[in-house]
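Okay, structure first, notes after.
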Amino acid sequence: MTVPETARYSAMARALHWLLAVLIIAAIVIGLAHDPLGEIIPGVMGVHKSIGLTVLALSLLRLILRLTNRPPALPATMSALQQRLTHAVHRVFYALMILVPLTGWIMSSAGTRPLNWFGLFDVPKFAVARGDFLADISGEGHEVLGIAFGLLALGHIGAALWHQLVLRDNLMARIR
Ligand code: HEM
Ligand code: HEM
């Protein structure tokens, strides 16, 4: 089934989707496996933080573009319930793409380690200290929301594969 150009996301939205997908999956994997990975790659959390800060910057750009550009309507073959669920998951993704790196940044601001972007330049820290409510809630939030992000991403990828391999409705062409 071919998909008309009007049913596709803009070239910018498509490029940002895939760039962010790679960065977010890398951040989740490093975050969850930072203990064993740290044994093999010293300083791997510095990479996690730098990738995460990149995700935050690109997600803000993506959110602005999304709010100022109407996305293509979902195919009419999807039921109203499926469409509502899809839109809800996409909205939660946008919230997580901002909240997860932001809580990581606030949490790390309370630590003593320097914060930089891939060792190239220093990143300013928020004025928080260990034990502050904001730092503590950010630490808790980063863990819970980070894990939720991973689970939701698995569901999203599963749904994409279901459309591609089982329903064969070529939904993928909209974002490719
Ligand atoms: C964890 C990384 C990912 C995140 C955070 C993510 C997020 C999103 C978001 C927010 C949208 C809606 C686009 C928008 O409204 O701007 C979307 C669409 C889509 N994503 Fe992902 N995505 C990820 C990874 C993937 C992967 C790995 C696949 C494929 C296996 C995929 C397949 C799709 C497809 C097919 C659509 C189009 C759905 C539609 O027609 O509206 N995504 N994704
Ligand atoms: C999209 C961006 C990000 C994602 C998806 C993400 C995800 C995660 C996940 C899943 C964990 C493991 C949670 C746990 O089991 O404790 C984690 C840990 C961590 N993240 Fe992130 N993160 C992101 C961005 C950031 C940023 C921007 C920073 C700091 C600038 C950061 C700092 C940390 C730190 C310090 C830990 C370790 C916490 C501990 O000691 O347990 N993260 N992250």
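Keep in mind that what you see is a predicted model, and the values were worked out from it rather than measured. Each ligand, and each atom within it, is numbered from 1 in the order the structure gives.
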Enumerated ligand 1 atoms positioned under 4.0 Å from heavy atoms of [X]:
X	value
M172	29 (C), 35 (C)
A21	2 (C), 23 (C), 24 (C)
A153	1 (C)
I157	26 (C), 27 (C), 30 (C)
L74	39 (C), 40 (O), 41 (O)
Y94	10 (C), 14 (C), 15 (O), 16 (O)

Nearest protein heavy-atom contact for [atom]: which residue, which atom, what distance?
atom	result
atom 14 (C) of ligand 2	E143 CG, 3.6 Å
atom 12 (C) of ligand 1	H90 ND1, 3.1 Å
atom 41 (O) of ligand 2	H34 CE1, 3.7 Å
atom 38 (C) of ligand 2	M107 CE, 4.4 Å
atom 40 (O) of ligand 1	R174 NE, 2.3 Å
atom 37 (C) of ligand 2	M45 CE, 3.6 Å
atom 1 (C) of ligand 2	V55 CG1, 3.6 Å
atom 5 (C) of ligand 2	I28 CG1, 3.5 Å

TODO: Decide whether the shortest distance between a heavy atom of R62 and an atom of ligand 1 is less than 4.0 Å.
DONE: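 Flag set, R62 near ligand 1.
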
For [X], does the [atom1] atom have more than 12 heavy-atom neighbours from other residues, nucleotides or ligands under 6.0 Å away?
X	atom1	value
Q83	CD	yes
F133	CZ	no
R14	CZ	yes

TODO: Enumerate the atoms of ligand 2 whose separation from the nearest heavy atom of L53 is less than 4.0 angstrom.
DONE: 27 (C)

Open item on the list: I'd like the name of whichever of H87, R66, Q164, R91 reaches closest to atom 15 (O) of ligand 1 through any heavy atom.
Closed with: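 Closest candidate by heavy-atom distance is R66.
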
Task: Nearest-option assignment for atom 26 (C) of ligand 1, heavy atoms, candidates F93, W18, Y9 - done: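 Nearest option to atom 26 (C) of ligand 1, by heavy atoms: W18.
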
Open item on the list: Please tell me whether W105 and S138 have a donor and an acceptor in their side chains that are separated by less than 3.5 angstrom.
Closed with: no

Between [X] (side chain) and [Y] (backbone), is there a donor-acceptor pair under 3.5 Å?
X	Y	result
H142	G139	no
K125	G111	yes
H163	D169	no

Open item on the list: Once ring-ring contact (aromatic ring centres under 6.0 Å, His included) is applied, what residue pairs with a partner in residues 71-101 remain, sequence neighbours excluded?
Closed with: H90-H156, F93-F149, F93-H156

Open item on the list: I'd like to verify the contacts: list protein N, O or S atoms under a distance of 2.8 Å from atom 21 (Fe) of ligand 2.
Closed with: H48 NE2, H142 NE2

- [ ] For ligand 1, indicate whether the residue H156 contacts it via side chain, backbone, both or neither (heavy-atom separation under 4.0 Å).
- [x]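 For H156, the contact with ligand 1 is made by the side chain alone.
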
